[in-house]
Protein chains: 2
Amino acid sequence: MSNRRIPKYLQLKEELLSWLESGRLQTGKQFPSENEISEQFKLSRQTVRQTFGELEKEGWLERIQGKGTFARNPGRREGEQVKTIGIITTYISDYIFPHIVRGAEAELRSQGYRLLLSSTDNKKEKEMESLQLMTSQPLSGLIIEPTKSAEGNPNLGYFLELQEKNIPYLMINEKYRELECPSLRVDDEAGGYKAAAHLLENGHTQIAGFFKRDDLQGVNRLKGFLHAHRESGITVSPQRVVTYTTEQKQDLPYKQALELLKSNEQNRPTAFVCYNDELAVRLMEAAVLCGLRIPEDISFIGFDDSSLSLGTRLTTLTHPKTTMGEMAARQLISMIEQGSTYEDTVFEPELIKRQSVFKRK
Amino acid sequence: MSNRRIPKYLQLKEELLSWLESGRLQTGKQFPSENEISEQFKLSRQTVRQTFGELEKEGWLERIQGKGTFARNPGRREGEQVKTIGIITTYISDYIFPHIVRGAEAELRSQGYRLLLSSTDNKKEKEMESLQLMTSQPLSGLIIEPTKSAEGNPNLGYFLELQEKNIPYLMINEKYRELECPSLRVDDEAGGYKAAAHLLENGHTQIAGFFKRDDLQGVNRLKGFLHAHRESGITVSPQRVVTYTTEQKQDLPYKQALELLKSNEQNRPTAFVCYNDELAVRLMEAAVLCGLRIPEDISFIGFDDSSLSLGTRLTTLTHPKTTMGEMAARQLISMIEQGSTYEDTVFEPELIKRQSVFKRK
DNA sequence: TACGATGACTTGTACGTACAACATCTTAAT
DNA sequence: ATTAAGATGTTGTACGTACAAGTCATCGTA
């Protein structure tokens, strides 16, 4: 017993733990009684009791009134650590999300972690529900795709709770500005820039853009889109920039697209940049319905290089998908096990040229 | 404070717990100090400390030296039952599986259950891994899509362990013959029958079939396929029935299909029945490469009504997908909560006619 | 205004006493 | 030999004192 700063009852606890670990006291064997210990260590019985109390709570020993104190539990380490990680995405079944989940799942499984899955349908209330559920029981870490990231974060309290409980988390695709945590995302602004720049290089000057405005991915892609135009000295006509929210995504962009497609040939855009492949495919159908040829009459660029883009020969920008899931899992595990912190990881999107962009002279 | 038999510190504990539960002390709010309590209840400060100590260990309150004692954790009941359900599917990201998972997830979330996800890539070893992982920590129930169901079940031990631990489980898509448990599946034999019958009715007599043989879905679809032929009195030429395993699925059926497509017009099949839409789409590409028109030169039928079939206008058979996931979740929850047992649920597949079947005279 | 000292209050550590409740062995009476 | 009472040792409850250590507001001084 050395340091006077360490309380005696904790010093005693360390001593007794070493007895247990060294095997000096095997499971089921009787401990020296409280009085014996107190005499041996020159401590009061009360102090010994305090130590015993803690060790009992932690499962190291068992006290039976009238009989004595007995050693327990040589194998199981205190409260064996939880190995369960949650992932909350906006959607589960559609589009690129299954690929992200798959990447994460494979990595986690190989590291002996279980994967909890939940989705928000891009609704704040469901995000809250999911957070509540996930944290209602033991959890070692959390991967979150923010819901409507451009609209702030009403569930801040839950994230602070995570920090308090010391549950590390990281964000994918986007991050809430209010929270300091590592994130993995694509440089969406660069993506928007590359899309528009590619069209401009191919002689397009009347380009329409369709972007989601309630998540930051959409906002940033639009930023890049505008940036490319500014650099080329081409002004973007306001009616050619269509922004919409999750709730409007079924109708609004489709209707606006029809509107633009039906305008006379001078005013009709020669190219569409679409928030993602899903939208691009729908708008391509609209174009075909209007009797236009792709890409001769109208060019298309999508985002995310989803399986949709392959079949439809859509030019699009890459998204790491599976890799992102994998890396997110790896980073989170190292945050849990090594306590390391990561800076943000930003992926550079690449343009994949297929057959949906026409070169105009 | 009534009974003299109950120790005072436990009586005090009950009292304080009732304060916490009634919301009289909200999370984060400061407790009366130890001295205040001891005065109020006419107990010594030591006794109060004993009570506080237990409550702190159990997470009801937090004590900070110098500041005071604060209420915590209003929601979580100490022994609260585990509400976590696992789902093990062969794949995660592809094809119809995301839809099944989504159905289950939505239902589980609405019932306050968390969803654990794992996949097997249709490999027995990974199935074992997943079972091990899932059961390594508390679990209330399990939904399993059997892996290579036609090849028996080397992981039987783990399923028996589930029964021993009283963890209910059910199977989807197929079931291991060795195990007695509820299952939800499609009547694949009826599906195979309907596919072949539809073609036969449309004048096809040389129909090739491609079926997976290491899972029961494939085996049963083939059974129905043969049954329909038998009923029509048409013999199936052996070289027109291609069976393959998971490991071969990338190459073998494709090569065999090319073989058949390249044969002279007399011998060439006029229709393909494919194990699922995924395969159908690949073989349709092969047919186009061979210069054949769909459906004039060759007809196609797939299975599962996946999103692939829509774009390619493939005639196919329905699969409940999301509904199956939903129902599986609902049934499992009722097995957990009411202890009810279910018989198997069998869905009847319906033929969806699109444009991939040609009517021959 | 800025800063430090102080005091009042909190919980934490440490020791002490007394007796209760329970288990086990010893002893004495039957 | 059997049984009951008692002795002894164990942990559990309950109270008490004293001081240490940390937090915070207030007051006073530079």
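Sequence lines set the chain letters: A, B, ... in the order given, protein chains first and strands last, and positions in each chain run from 1.
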**Item:** Residue of the set B:Arg63, B:Glu54, B:Glu56 for which side-chain contact (heavy atoms from CB on, under 4.5 Å) holds with B:Arg49
**Value:**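 Of the listed options, the one satisfying the test is B:Arg63.
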
**Request:** Between A:Gly66 and A:Lys42, name the one whose nearest nucleotide on DNA chain C is closer to the 5' end.
**Result:**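 Of the two residues, A:Lys42 wins.
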
**Asked** Do A:Phe31 and A:Leu16 touch side chain to side chain, with heavy atoms closer than 4.5 Å?
**Response**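 With C-beta onward as the side chain, the pair touches.
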
Separation of [N] [atom2] from [X] [atom1] (nearest whole Å):
X       : N      : atom1 : atom2 : answer
A:Glu36 : D:dT8  : CD    : C1'   : 13 Å
B:Leu10 : D:dT13 : CG    : C1'   : 10 Å
B:Gln65 : C:dT13 : CD    : P     : 7 Å
A:Ile37 : C:dC15 : CD1   : P     : 14 Å
A:Glu34 : D:dT13 : CD    : C1'   : 12 Å
A:Leu61 : D:dT10 : CG    : P     : 16 Å
A:Phe70 : D:dG9  : CZ    : C1'   : 12 Å
A:Phe52 : D:dT13 : CZ    : C1'   : 18 Å

From the set [options], return the single nucleotide nearest to any side-chain atom of [X].
X       : options                : answer
A:Tyr9  : C:dT10, C:dA14, D:dT11 : C:dA14
B:Lys8  : D:dT11, C:dG12, D:dC15 : D:dC15
B:Asn35 : C:dC15, C:dT10, D:dT11 : C:dT10
A:Thr69 : D:dT11, D:dT13, D:dA21 : D:dT11

Looking at [N], I'd like to know if its phosphate oxygens (OP1 or OP2) sit under 4.0 Å from a side-chain N or O belonging to [X].
X       : N      : answer
B:Thr47 : D:dA14 : no
B:Ser44 : D:dA14 : no
B:Arg49 : C:dG12 : yes
A:Gln50 : C:dT13 : yes
A:Lys67 : C:dC22 : no
B:Ser33 : C:dT10 : yes
A:Arg45 : C:dC15 : no

**Message:** Is a donor from one side chain sitting under 3.5 angstrom from an acceptor on the other, for A:Gln163 and A:Tyr169?
**Reply:**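 Short answer, yes.
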
**Message:** Distance check, rounded to the nearest 0.5 Å: B:Leu162 atom CG versus B:Leu131 atom CG?
**Reply:**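 One gets 6.5 Å once the value is rounded to the nearest 0.5 Å.
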
**Message:** Can you say whether a donor on the side chain of A:Gln46 sits under 3.5 Å from an acceptor on the base of C:dT17, or the other way round?
**Reply:**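 Under the 3.5 Å cut-off, the side chain and the base do form a donor-acceptor pair.
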
**Request:** Could you tell me how the ring of A:Phe97 sits relative to the ring of A:Tyr91: parallel (under 30°), tilted (30 to 60°) or perpendicular (over 60°)?
**Result:**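 It falls in the tilted class, 30° to 60°.
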
**Asked** Any Lys/Arg nitrogen of B:Glu161 or B:Lys165 sitting under 4.0 Å from an Asp/Glu carboxylate oxygen of the other?
**Response**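 Between B:Lys165 and B:Glu161 there is a salt bridge, with a charged N closer than 4.0 Å to a carboxylate O.
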
